[in-house]
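The first residue in the sequence is number 1, and the count goes up from there.
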Amino acid sequence: MITKKAILAAMLAAPAALAIAAPAQAQVAGIAYANPTSVVASSKAFAAANQQISTTYKAAFDQMQQRRTALDNELKPLVAQLDANKDGKVSEDEAKAAQTAKNPAIEKIRTAQTNAQNDMQRLSNPAARAELFAIESVLRQYEAAQLRVVNARKINVVLSPEVFMYAPDSANISQAIVAEIDKVAPTVGIQPPADWQPSRETLAIQQQIAQAAQIQAYQQQAAAQRPAASGTAPAATGTQPAKPAEPR
């Protein structure tokens, strides 16, 4: 998880829980920082919720994959109409030429993409809502968990990571907060009440986790391609936070 595994994935660091063991003097003059997104993404509850979501909404995820495949098949002959030199790619010049000529394939491509996007959103909404509810449930534990860490480490001020130009690793208490949340809430529900609406913070964290997961996927893809070119095996990397149930 940026993983986000992110948060974002980022933040995205994988669900790993560290016990609160750092001595008080390890803090920087009583100042620490924490990242709520990273805390959520790294929590046991979030990882367990995503596993449950993957199972509960498997049929929807399968339909989404089928819809992606159908879109690819629909676009191939349309894109081929724009490929003037038949090299298997549509260059910027070819795209501009098609627009100037008002090639009907362009509008058909846009329509196909819009229809597919609408279908994907409809199929993914229940799972996305379940993930939002899980995120918000973890966030409800955040303040109390942070306070326990603050008291245990005798911290005077907790800031966001963005305000620091530099800070030692010991100033980061995110994983200590994760460990506290894991103790009291190792699991959370994924079925929100019918009238429930996520907060702005919850929506922002979900987006950050998804973005971080994408970044992690790109990095893994790039790492997998390098050995193919060089003939060397990729080096082992550290654990990363878990990916959200399904991209939205």
Side-chain angles (χ1 to χ4, degrees), residues 1-12 37 41 50 53-133 135 190 192 194 196-198 200 202-229 240 242-248:
M1 300 172 196
I2 305 176
T3 39
K4 325 204 247 321
K5 151 203 87 329
I7 243 169
L8 249 271
M11 260 192 144
L12 291 213
T37 301
N50 274 312
I53 289 169
S54 296
T55 300
T56 302
Y57 298 99
K58 182 180 183 304
F61 293 149
D62 290 344
Q63 291 178 53
M64 290 169 66
Q65 184 57 52
Q66 293 167 4
R67 187 65 180 88
R68 292 189 189 101
T69 301
L71 176 62
D72 289 342
N73 293 335
E74 185 177 0
L75 292 182
K76 283 179 182 177
L78 296 173
V79 172
Q81 295 178 36
L82 310 183
D83 183 12
N85 62 3
K86 305 304 177 185
D87 65 349
K89 299 178 293 184
V90 176
S91 67
E92 185 176 348
D93 289 340
E94 287 171 333
K96 288 180 178 178
Q99 290 176 340
T100 301
K102 296 183 179 180
N103 189 322
I106 292 180
E107 187 58 36
K108 291 179 180 178
I109 289 173
R110 289 174 179 164
T111 299
Q113 291 175 330
T114 298
N115 291 341
Q117 184 177 8
N118 291 338
D119 289 343
M120 295 289 284
Q121 183 172 355
R122 173 180 54 80
L123 290 167
S124 67
N125 274 346
R129 183 174 168 82
E131 185 182 79
L132 283 166
F133 186 68
I135 290 171
I190 64 169
W196 175 81
Q197 293 298 325
R200 289 184 180 181
T202 300
L203 290 166
I205 287 180
Q206 185 189 54
Q207 183 178 17
Q208 290 171 339
I209 290 177
Q211 289 172 345
Q214 288 179 339
I215 292 173
Q216 184 189 23
Y218 295 150
Q219 291 173 339
Q220 290 175 340
Q221 184 178 17
Q225 291 172 346
R226 279 196 298 269
Q240 295 293 325
K243 180 189 172 196
E246 180 75 10
R248 280 155 291 284

Hey, is Lys76 close enough to Asp72 for a salt bridge, meaning N to O under 4.0 Å? no

Carboxylate-amine/guanidinium proximity below 4.0 Å for Lys86 and Asp83: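 No.
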
What's the separation between atom [atom1] in [X] and atom [atom2] in [Y], rounded to the nearest 0.5 Å?
| X | Y | atom1 | atom2 | result |
| --- | --- | --- | --- | --- |
| Tyr57 | Met64 | OH | CE | 13.0 Å |
| Gln211 | Gln206 | CD | CD | 11.0 Å |
| Lys108 | Glu74 | NZ | CD | 10.0 Å |
| Gln63 | Leu123 | CD | CG | 5.5 Å |
| Ile190 | Leu132 | CD1 | CG | 12.5 Å |
| Gln81 | Ile106 | CD | CD1 | 10.5 Å |

Taking all non-hydrogen atoms of both residues into account, name the closest pair between Arg129 and Gln197 and its distance.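 So the two residues come closest at NH1-NE2, 4.3 Å.
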
All heavy atoms of Ala116 vs all of Leu71, minimum pair found to be CB-CD2, 3.7 Å

List the steps and the verdict of side-chain contact (heavy atoms from CB on, under 4.5 Å) for Leu78 and Glu107. CA-CA 10 Å; Leu78 296 173; Glu107 187 58 36; over 6 Å; no

How about Phe61 and Ile53: do any of their side-chain heavy atoms sit closer than 4.5 Å?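 The answer is yes; the side chains approach within 4.5 Å.
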
Steps toward side-chain contact (heavy atoms from CB on, under 4.5 Å) verdict (Leu82, Ile109): CA-CA 11 Å; Leu82 310 183; Ile109 289 173; 3.8 Å; yes

Does Gln99, at its CD atom, have more than 12 non-hydrogen atoms belonging to other residues, nucleotides or ligands within less than 6.0 Å? yes

Polar contact flag, side-chain donor to acceptor under 3.5 angstrom, Gln113-Arg110: no

